[in-house]
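The structure displayed is predicted, hence computed values, not measured ones. These values consider heavy atoms only, across backbone and side chains, with no hydrogens, waters or symmetry-generated copies.
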Amino acid sequence: MENREIAKIFYEISEILRFQGESFKSRAYFIAARKLEKMKNLREYYEKNELEKIPGIGKNLAKKIVEYFETGKISYLEKIKKGLPMGIDELLTIPGIGPKTALFLYKELNIKSLNDLEKSIKNHEIMKIKGKKLEKNLERGLKIVKTKRRMLLSEAFEIAEELSRILENFEVAGSFRRRKETIGDLDIILTKIDETSLKDFQILAKGEKKITAIYKNVQVDFRIVKNEEIGSSLQYFTGNKEHNIKLRRIAQKKGYKLNEYGLFKGNNRINTNEKDIYEKLDMEWIPPELRENTGEIEAALERKLPKLVDIKDIKGDLHIHTKWSDGLDSIENIVKKAKELNYEYVAITDHSPTVPEGNGLSEEKLLEQWEILESYDNVLKGVECDILKNGSLMYEDKILEKADFVIASVHMFTPTTETILIAMENEHVDAIGHPTGRLIGITNGYTLDMEKIFEKAAETNTPLEINAYPKRLDLNDVYIKKAKEYGVKFVIGTDSHNLEEMDNFIFGVYTARRGWAEKKDILNCLGLKELKRYVHNL
Ligand code: DGT
Ligand code: CA
Ligand code: CA
Ligand code: ZN
């Protein structure tokens, strides 16, 4: 209940304030928390705007309660956590550690970070002072926090693949099913799970309907559901939350009830699977990649959802490096692998020299390579040519004009918007590679005016790359959707530096789908002839 949630937050605030020496304020939060904890009709007070009538709740505290009802959180708590000594706020992210424990650890053992805590647990320092129970709890909490790190979608796929060898008949819902670029935890739906398959997991909590476990540092939430609930629980646990909330509201307006157990009219279930739920609500079934409450529900109601690009539509990979520059494999092996992948073509796109002593190809070397590429009838003579600080390209036009496919990319420096705009003006540029330079978990990329870039990309008819390398996925889903509104086209490339990486193409497709991209938006869906005609403006 909301009152308990708010009370919990108030208690926490109270404790932090006490340690900061704000005993008067601290007491006010404590008293309010005690009061709120027992109130059953708090929402009524909120709705009538009468919170201040509650004894112990003044104007300031009333505001915090309103904030909770409106946003689901109280930002003051985050704010004062930041004011705590050193890295103690990091300790507070551990489930089961309140300010009291955090301060104890800090004062008695000089523990200021998760690393300090880990060392201390190893040396059993906490046990010596406070006993075994606290240490065990902290050890468990620490493990949970460490596994809370988000993994790349590609890493989640590897884990899911392993799970499919351990478990039978399950579906992965959550952000994984939505193919989000990073995944917090895996949400697995099944109708039964036998004890022996659980031996590979560390169990954190186990109930009839839900098991929370750890597998190789990844949190896995199992939901054990009845057969007839598979569709609705798949829908519910796929999310995202905002999508679900809006869908439930639509169901309510139609006089239905929608939850993880089913779509109901009165007490009667009226869905048999997931598709049914959307159909009974008079809308198109929504592909999971779109379920982010960014307009997909409205579009589905009007039956105007995009027909998303599919891996089957893809005719070739347009960004591959060979051992001529910094790749590991030969042209021959890449062409062989492309055949295995059923591609009609590939573009070989080695680097230009970014730095004099780098592995990029001199103009002579590049021409030499292209001569070899000429002997294949399904290989595009490509290049990933560096954009220089002034927006010009590293190779001269007389070289670039001989290419079938030129990706222009920035490496080694931080470009301005202008740099990219100028590069797009070059008529030989067929795509801008990894346009924002972001690397997931490492850097957010360049600060660019993306709207200006999309405008210019549309005006100069320069496709933008959807780089499929799992750490890049650049452009990202949000930008793809936006760029599409400007009429921008896209190319997907794996940026492979070895054969295995050519399998990453699917992540580019997922990202494109999350960006609402259709077959007609993606140049890789063109056959070789049409593609050549397109990039040469024929
Ligand atoms: P993640 O794990 O952080 O990458 O993201 P998700 O989307 O997998 O989120 P998670 O694992 O917390 O929950 C799985 C799904 O369960 C979520 O996408 C929607 C549903 N869900 C979770 N909490 C709520 C809730 O409070 N209300 C509603 N309507 N749905 C929820
Ligand atoms: Ca999840
Ligand atoms: Ca979850
Ligand atoms: Zn590159």
Problem set entry | Side-chain donor or acceptor of N271 paired with backbone N/O of N273 under 3.5 Å | yes
Problem set entry | Backbone of T294 reached by a side-chain donor or acceptor of K481 within 3.5 Å | yes
Exercise. Any side-chain heavy atom of I466 sitting closer than 4.5 Å to one from L473?
Worked result: no
For this session: Decide yes or no on side-chain contact (heavy atoms from CB on, under 4.5 Å) for D116 and L105, but give the supporting numbers first.
Result: CA-CA 10 Å; D116 292 348; L105 294 171; over 6 Å; no
Problem set entry | Heavy-atom pair with the smallest gap, counting every atom of I277 and S232 | CD1-CA, 3.7 Å
Exercise. Is the Lys NZ or Arg CZ of R179 less than 6.0 Å from the centre of F176's six-membered ring, within 45° of the axis?
Worked result: yes
Problem set entry | Heavy-atom neighbours of N41 CG exceed 12 at 6.0 Å | yes
Exercise. Quick one: CD1 on I522 to CZ on F490, what's the gap to the nearest 0.5 Å?
Worked result: 6.5 Å
Exercise. Do the side chains of V225 and K209 get nearer than 4.5 Å, heavy atoms only?
Worked result: no
For this session: Report the distance from atom CG of D276 to atom CH2 of W285, rounding to the nearest 0.5 Å.
Result: 13.0 Å
For this session: Sort and list the pairs that fulfil ring pair (Phe, Tyr, Trp, His ring centres under 6.0 Å) and have at least one residue in residues 177-206, not counting sequence neighbours.
Result: F201-Y215, F201-F222
Problem set entry | Polar side chain donor-acceptor pair, S233 to R223, under 3.5 angstrom | no
For this session: Enter the distance from L464:CG to L475:CG here, rounded to the nearest 0.5 Å.
Result: 5.0 Å
Problem set entry | Check: M450 and K482 side chains under 4.5 Å, non-hydrogen atoms | no
Problem set entry | Considering all heavy atoms, the nearest M283-I297 contact | CE-CG2, 4.2 Å
Problem set entry | Over all atoms of both residues, closest heavy-atom pair of K307 and E518 | N-OE1, 3.0 Å
Exercise. Would you say the side chain of E501 lies within less than 4.5 Å of the side chain of I320, judging by non-hydrogen atoms?
Worked result: no
For this session: Starting from the C-alpha separation in whole Å, work towards a yes-or-no answer on side-chain contact (heavy atoms from CB on, under 4.5 Å) for Y76 and I9.
Result: CA-CA 10 Å; Y76 181 58; I9 295 172; over 6 Å; no
Problem set entry | Heavy-atom donor-acceptor pair, S14 side chain to S26 backbone, under 3.5 Å | yes
Exercise. Between A338 and M502, what is the shortest heavy-atom contact and its length?
Worked result: N-CE, 4.0 Å
Exercise. When rounded to the nearest 0.5 angstrom, what distance separates CD in E242 from CD in E292?
Worked result: 8.5 Å
For this session: Without swapping roles, check the side chain of K484 against the backbone of W516 for a donor-acceptor pair under 3.5 Å.
Result: yes
Exercise. Sub-3.5 Å donor-acceptor pair from the side chain of E465 to the main-chain atoms of H434, do we have one?
Worked result: yes
Problem set entry | Evaluation steps, side-chain contact (heavy atoms from CB on, under 4.5 Å), between D521 and I480 | CA-CA 10 Å; D521 303 312; I480 294 166; over 6 Å; no
For this session: Classify the side-chain pair N227/T191 by whether it contains a donor and acceptor separated by less than 3.5 Å.
Result: no
Exercise. Of L153, I440, L152, which is the lone residue that meets side-chain contact (heavy atoms from CB on, under 4.5 Å) with E181?
Worked result: I440
Problem set entry | Side chain proximity check, K304 to E298, heavy atoms < 4.5 angstrom | no
Exercise. Hey, is E296 close enough to R513 for a salt bridge, meaning N to O under 4.0 Å?
Worked result: no
Exercise. Would you say the side-chain atoms of R514 pair up with the backbone N or O of D477, donor to acceptor, closer than 3.5 Å?
Worked result: no
Exercise. How far does CD1 of I111 sit from CD1 of I126, to the nearest 0.5 angstrom?
Worked result: 4.5 Å
Problem set entry | Pair E67 + K79, salt bridge at N-O below 4.0 Å | no
Exercise. Crowded around E344 CD? As in, over 12 foreign heavy atoms under 6.0 Å?
Worked result: yes
Atom pairs and distances, donor-acceptor, side-chain atoms in residues 248-261, under 3.5 Å, two or more places apart:
residue: K254; atom: NZ; partner: D282; partner atom: OD2; Å: 3.3
residue: N259; atom: OD1; partner: Y261; partner atom: N; Å: 2.8
residue: N259; atom: OD1; partner: G262; partner atom: N; Å: 3.2

For this session: Drop me the distance from L186's CG to F170's CZ, to the nearest 0.5 angstrom.
Result: 9.0 Å
Exercise. Does K520 NZ have over 12 foreign heavy atoms under 6.0 Å away?
Worked result: yes
Exercise. Above 12 or not: heavy atoms from other molecules or residues under 6.0 Å from CG of N444?
Worked result: no
Exercise. Under 3.5 Å, side chain of N3 to main-chain N/O of M39, donor-acceptor pair present?
Worked result: yes
Exercise. How about I314 and C525: do any of their side-chain heavy atoms sit closer than 4.5 Å?
Worked result: yes
Name every donor-acceptor pair, under 3.5 Å, that has one atom in a side chain of residues 53-64 and the other anywhere in the protein, sequence neighbours excluded.
residue: K53; atom: NZ; partner: E50; partner atom: OE2; Å: 3.3
residue: N60; atom: OD1; partner: K64; partner atom: NZ; Å: 2.9

Problem set entry | Residues D317 and T494: side-chain donor-acceptor under 3.5 angstrom | yes
For this session: Please check if the side chain of T238 supplies one atom and the backbone of L234 the other of a donor-acceptor pair under 3.5 Å.
Result: yes
Exercise. Any sub-3.5 Å donor-acceptor pair from N240's side-chain atoms to H243's backbone N or O?
Worked result: yes
Exercise. For K275 and E279, what are the C-alpha separation, side-chain angles and deciding distance, and is it a salt bridge (Lys or Arg N to Asp or Glu O under 4.0 Å)?
Worked result: CA-CA 6 Å; K275 271 208 161 77; E279 274 163 21; over 6 Å; no
For this session: Check whether any side-chain heavy atom of V346 lies under 4.5 Å from a side-chain heavy atom of L341, and answer yes or no.
Result: no
Exercise. Can you find a heavy atom in the side chain of L531 that is under 4.5 Å from one in the side chain of L318?
Worked result: yes
Problem set entry | The single option from H124, K130, R140 passing side chain to side chain donor-acceptor pair (under 3.5 Å) against E135 | H124
Problem set entry | Stepwise salt bridge (Lys or Arg N to Asp or Glu O under 4.0 Å) test for K216 and D200 | CA-CA 9 Å; K216 292 199 173 166; D200 297 302; over 6 Å; no
For this session: Flag the pair Y29 / Y11 as yes when their ring centroid distance falls below 6.0 Å, and as no otherwise.
Result: no
For this session: Carefully, step by step, assess V172 and R177 under the rule side-chain contact (heavy atoms from CB on, under 4.5 Å).
Result: CA-CA 6 Å; V172 190; R177 186 160 177 248; 5.8 Å; no
Problem set entry | Heavy-atom closest pair, residues E274 and Q235 | OE2-CA, 3.5 Å
Exercise. How far apart are the closest heavy atoms of N524 and Y345, and which atoms are they?
Worked result: O-OH, 3.3 Å
Problem set entry | Test salt bridge (Lys or Arg N to Asp or Glu O under 4.0 Å) applied to E161 and R165, step by step | CA-CA 7 Å; E161 165 75 32; R165 273 178 251 137; 3.5 Å; yes
Exercise. With ring centroids as reference points, do F507 and Y469 lie under 6.0 angstrom apart?
Worked result: no
Problem set entry | Greater than 12 external heavy atoms within 6.0 Å of E168's CD | no
